[in-house]
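For reference, the structure is listed below as structure tokens.
For the single chain, residues carry numbers from 1 onward in sequence order.
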Amino acid sequence: MKEILQRIEDALGGRYAAAELETIKKALCLELLGTSAVSFYTKEKLSADTEKLDRALERLAKGEPLQYVIGSTPFCGLTFRVDGRVLIPRPETAELVDWVAEDAAPGGSLLDVGTGSGCIAISLAHRLPGWKVQGWDISEGALEVARDNNTLNGTEVEFRKVDILKAEQDCRFDVIVSNPPYVMESEKAQMEDTVLDYEPHLALFVSDNDPLLFYRAIAEFGKKALVTGGKLFFEINPLEASALKGMLEEAGYHNIELRKDIFGKLRMIKALL
């Protein structure tokens, strides 16, 4: 084990800070190489697939996210497969899932727009037994990942290829939730290369000229698809919180509530129809 850990240290020590490097060591040993936790912590001498490890180290040295290299990530107590076709689920999004689940009454129907890996839809289907859940996305690649995760986690979410900017589906939902593209193009300069170089831009970015594009489309769709008293939940760009609240009010939504995430930023909004 010491030899494996040294191999990781030699390959990545110059790129990652000490704490992050320890996380990488543990993930590579336990999740990629299948080492037991006991063996990892006791530094027991073990043989390993060095070719597999070296391929992973090469990818990590170039800056590829650990979750893509491992091929999975934990989220809301479940495991989700991830690759470059979908965003890596974030802790802030888990907070949105918690809010929706805590607010939900028994039974109902829910739509997740821009489902990506399916992390929101599947986590909510797991948390809300008896609910009918759909996940929509424009990317067939993302939907393939989501369907795999649906099987992996034993849920029964219906995933469909739908462009919300052109949606005309005749459906009724109690809740619509979405984490749509909301990072403005002008914010790219502030982002890490690991995100810019590897995560799908289709799921991240929106034009500075119309940063509320997807929120507006979902809100308009919600006016037709939500039952009376139905609810919208969004993950949001803190920079657009005030403008989004105003747009929802103008669209006829009420009881609008903003919430901060664990980092103290306005990151979520709820609105009733």
Side-chain angles (χ1 to χ4, degrees), residues 67 72-104 107-182 199-204 206 213-215 217-222 224-227 230-236 268-270:
Q67 295 91 335
S72 65
T73 190
F75 181 81
C76 289
L78 303 174
T79 297
F80 287 85
R81 292 174 181 149
V82 290
D83 58 33
R85 293 173 290 178
V86 298
L87 294 180
I88 298 165
R90 264 66 172 188
E92 307 93 296
T93 306
E95 292 184 80
L96 178 64
V97 168
D98 289 341
W99 192 8
V100 176
E102 291 163 4
D103 188 83
S109 58
L110 179 145
L111 170 64
D112 172 28
V113 178
T115 196
S117 65
C119 64
I120 292 176
I122 290 168
S123 296
L124 286 169
H126 187 262
R127 294 271 294 272
L128 301 172
W131 275 65
K132 294 181 179 179
V133 180
Q134 288 190 33
W136 292 358
D137 206 291
I138 194 174
S139 166
E140 189 57 56
L143 289 168
E144 289 175 4
V145 175
R147 290 178 181 124
D148 285 346
N149 283 323
N150 202 29
T151 301
L152 176 65
N153 288 291
T155 47
E156 297 182 356
V157 179
E158 179 185 352
F159 289 104
R160 299 170 61 186
K161 185 175 183 179
V162 179
D163 182 352
I164 194 60
L165 300 180
K166 303 174 183 177
E168 296 180 354
Q169 276 70 14
D170 183 17
C171 307
R172 299 290 279 176
F173 300 99
D174 296 283
V175 173
I176 295 176
V177 60
S178 183
N179 175 19
Y182 63 66
E199 299 201 54
H201 287 203
L202 178 68
L204 281 170
V206 67
L213 172 66
F214 293 99
Y215 296 102
I218 296 168
E220 286 301 314
F221 176 75
K224 297 176 289 184
L226 282 169
V227 301
K231 301 167 186 177
L232 277 182
F233 288 87
F234 289 127
E235 183 172 325
I236 68 173
M268 296 160 278
I269 196 167
K270 169 189 170 185

Verify the neighbour count for atom CG of Leu202: are there more than 12 heavy atoms of other residues, nucleotides or ligands below 6.0 Å?
no
Does atom CD of Glu140 have more than 12 heavy-atom neighbours from other groups under 6.0 Å away?
yes
Distance in Å, [X] [atom1] paired with [Y] [atom2], rounded so as to fall on 0.5 Å steps:
{"X": "Ile218", "Y": "Leu226", "atom1": "CD1", "atom2": "CG", "answer": "11.0 Å"}
{"X": "Asn179", "Y": "Cys119", "atom1": "CG", "atom2": "SG", "answer": "7.5 Å"}
{"X": "Leu111", "Y": "Arg160", "atom1": "CG", "atom2": "CZ", "answer": "9.0 Å"}
{"X": "Lys270", "Y": "Leu96", "atom1": "NZ", "atom2": "CG", "answer": "12.0 Å"}
{"X": "Ile236", "Y": "Glu92", "atom1": "CD1", "atom2": "CD", "answer": "12.0 Å"}
{"X": "Ser117", "Y": "Arg147", "atom1": "OG", "atom2": "CZ", "answer": "13.5 Å"}

Taking all heavy atoms of [X] and all of [Y], pick out the closest pair and write down the distance.
{"X": "Asp112", "Y": "Ala121", "answer": "OD2-N, 3.5 Å"}
{"X": "Thr79", "Y": "Ser72", "answer": "CG2-CB, 4.0 Å"}
{"X": "Val145", "Y": "Arg85", "answer": "CG2-NH2, 3.4 Å"}
{"X": "Ile176", "Y": "Ala225", "answer": "CD1-CB, 4.5 Å"}

Is there a donor-acceptor pair closer than 3.5 Å between any side-chain N or O of [X] and the backbone N or O of [Y]?
{"X": "Arg172", "Y": "Lys224", "result": "yes"}
{"X": "Thr93", "Y": "Ile120", "result": "no"}
{"X": "Asn153", "Y": "Asn149", "result": "yes"}
{"X": "Arg90", "Y": "Ile88", "result": "yes"}
{"X": "Asn150", "Y": "Val157", "result": "yes"}

Within a strict 4.5 Å, meaning less than it, do heavy atoms of the [X] and [Y] side chains meet?
{"X": "Pro89", "Y": "Thr73", "value": "yes"}
{"X": "Asp163", "Y": "Trp136", "value": "no"}
{"X": "Leu78", "Y": "Ile122", "value": "yes"}
{"X": "Leu232", "Y": "Tyr215", "value": "no"}
{"X": "Val86", "Y": "Phe80", "value": "no"}
{"X": "Val113", "Y": "Val162", "value": "no"}

Please state whether the rings of Phe221 and Phe173 are parallel, tilted or perpendicular, taking 30° and 60° as the class boundaries.
tilted
Worked check of side chain to side chain contact (heavy atoms under 4.5 Å, CB included) between Leu124 and Val97:
CA-CA 7 Å; Leu124 286 169; Val97 168; 3.9 Å; yes
Take Leu213 and Leu165, measure what side chain to side chain contact (heavy atoms under 4.5 Å, CB included) needs, and give me the verdict at the end.
CA-CA 9 Å; Leu213 172 66; Leu165 300 180; 4.1 Å; yes
Any salt bridge between Arg127 and Glu102, counting N to O under 4.0 Å?
no
